[in-house]
**Student:** 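For reference, the structure I am asking about is given below.
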Amino acid sequence: MRTEELRDAVLTWFGHHARDLAWRRPGTSAWGVLVSEVMAQQTPVARVEPAWREWMERWPTPADLAAAEDADVLRAWGRLGYPRRALRLRACAAAVVERHGGVVPVDEADLLALPGVGAYTAAAVRAFAHGRHAVVLDTNVRRVLARILAGLALPGPAPTREEVRAAHALVPADDAGSARWNVAVMELGALVCTARAPRCEACPVASACRWYAAGRPANAAPRRPQAWTGSDRQARGRLMAVLRELPDDARLGRADLLAVLPGTDVDQPARALASLVADGLVAEHAGVDGTGADADGTEYALPSRRRQEVAP
DNA sequence: AATACGGGGTG
DNA sequence: CACCCAGTATT
C-alpha cells in the first residue's frame, strides 16, 4: 500500500468514526485546544472532557486563568492527576498574556517555550488549534506506526530519531492535509489500534500492517513494573486530596495532615509533604505563635497566589 | 538515557 | 491486579 493509499484509508475511516469531543466543536478557541492537550497529558480523554467543560466555562481565556488563585486552579483540576500540570497551565496562561498579548502562538519555538508545553503539545496545538503543519507524535500515533511500519506490538519508551523521521514522512506537506492526517491517525490509535485489545478487524489499514501480517506477535521486552500502593506518589496524592477538600481559607495543622497517611514508612509522610511544598503545590504557614521553632505549629493549605507566604 | 510525577478504568 | 493513558521537566 502506497503512502497515498494509506493516508486516504485512514482519512476515510476518520470521516466515519471520529469522536465528537468537546474541544473539536466548531468555535473552540486555540486556548481551549491547548487546555485540552495539557489535561490529556497522561490522563485518558474520557476523564478530561467534563473537567475541560467546567474549566473553560470558568476561565475562558488565558487572561482569566492567569488571574486565578492557585488554590482554585488546583481544586478545579481535581483528580486528573499530576497536579503540577495545573500550576504549569496557569503559568502558561500568564506567559501567553505577557509574551503574546493573550493570543496562543503559532510558531513552534514560541509554543515550546511555554510552561507545560513539550514536543507533543506544541505539535498538537499547531495542528489542532491553528490547522498548521506539524508532526504529532503521541502514544497513539507511535503505536500505530510501530505496528504498521516496524511490525512491533508497542513502541519503545521514547521516540527515536528514526521514529520521528518515519512519522514526518507520512505527514502531508500542506497545512490543511497535515492537520487532517494528524488527527485521523491519532484517532485510529485511540479507537482501533489500541494498546490492550486492538480491533484489527475494524482497521482500515490492516492489510498494510506489518504487525498484523506477522500474526500480532507480543513484544519481546515487558515494561518495568510500577508500584503504586505505598509509593511517594500515592502519599502526595492523598495529601493533596485532603487539602483540596479543606474549606476556603482553612488550614490544617501538620500533625493532623500527616496523620492521614498510613504509617508503614515512618518518614514518608514528612518527605511527601516537603516535596509538595517544594513543588509549590502546598503552602506552608508558620504557627500562630510565630516562633517558627515549633514544627508542630505549622499549618498547611493549598497555595494562594495573592496572600504572602511566610516561611516558618 | 533515566526518573519522578496521579489516579482510575479495564481486561 | 497489572497495565495503560493525546507527556513534561529535571537530573
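Residue numbers begin at 1 in each chain, while the letters A, B, ... track the order of the sequences.
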**Student:** Would you mind reading off the distance between Q41(A) atom CD and dG7(C) atom P, rounded to a whole angstrom?
**Tutor:** 8 Å
**Student:** Taking dG9(B) as the reference, what is the distance to dT8(C) when you measure between their C1' atoms (whole Å, please)?
**Tutor:** 23 Å
**Student:** May I ask you to decide whether E49(A) forms a salt bridge with R19(A), counting only side-chain N to carboxylate O separations under 4.0 Å?
**Tutor:** no
**Student:** Heavy atoms only, 4.0 Å cut-off, all strands: where does R79(A) land among base, sugar-phosphate and nothing?
**Tutor:** sugar-phosphate
**Student:** With a non-hydrogen cut-off below 4.0 angstrom, is T43(A) in contact with a base, only sugar-phosphate, or nothing?
**Tutor:** base
**Student:** So, R58(A) and E54(A), do they make that salt bridge, N to O below 4.0 Å?
**Tutor:** no
**Student:** Could you state the CZ-P distance from R196(A) to dG11(B), rounded to the nearest angstrom?
**Tutor:** 8 Å
**Student:** Strictly below 4.0 Å, N to O, side chains only: are D265(A) and R271(A) in salt-bridge contact?
**Tutor:** yes
**Student:** Round to the nearest Å and state the distance from N140(A) atom CG to dG7(C) atom C1'.
**Tutor:** 12 Å
**Student:** Name the nucleic acid region contacted by R19(A), choosing base, sugar-phosphate or nothing; use a 4.0 angstrom heavy-atom cut-off, strictly under.
**Tutor:** base
**Student:** Mind checking A119(A) for me? I need base, sugar-phosphate or nothing, with any heavy atom below 4.0 Å counting as a touch.
**Tutor:** sugar-phosphate
**Student:** Rounding to a whole Å, what distance do you find between L34(A):CG and dA6(C):P?
**Tutor:** 18 Å
**Student:** Could you work out the separation of dT3(B) and dA6(C) based on their P atoms and round it to a whole Å?
**Tutor:** 25 Å
**Student:** Do you know the tightest heavy-atom contact between A270(A) and R254(A)?
**Tutor:** CB-NH2, 3.8 Å
**Student:** If you only use heavy atoms from C-beta on, which nucleotide in dG7(B), dC5(C), dG7(C) is closest to the side chain of R143(A)?
**Tutor:** dC5(C)
**Student:** Categorize W23(A) for me: base, sugar-phosphate, or nothing, with a 4.0 angstrom heavy-atom threshold over every strand shown.
**Tutor:** base
**Student:** Over all strands shown, is G81(A) touching base, sugar-phosphate only, or nothing at heavy-atom distances under 4.0 angstrom?
**Tutor:** base
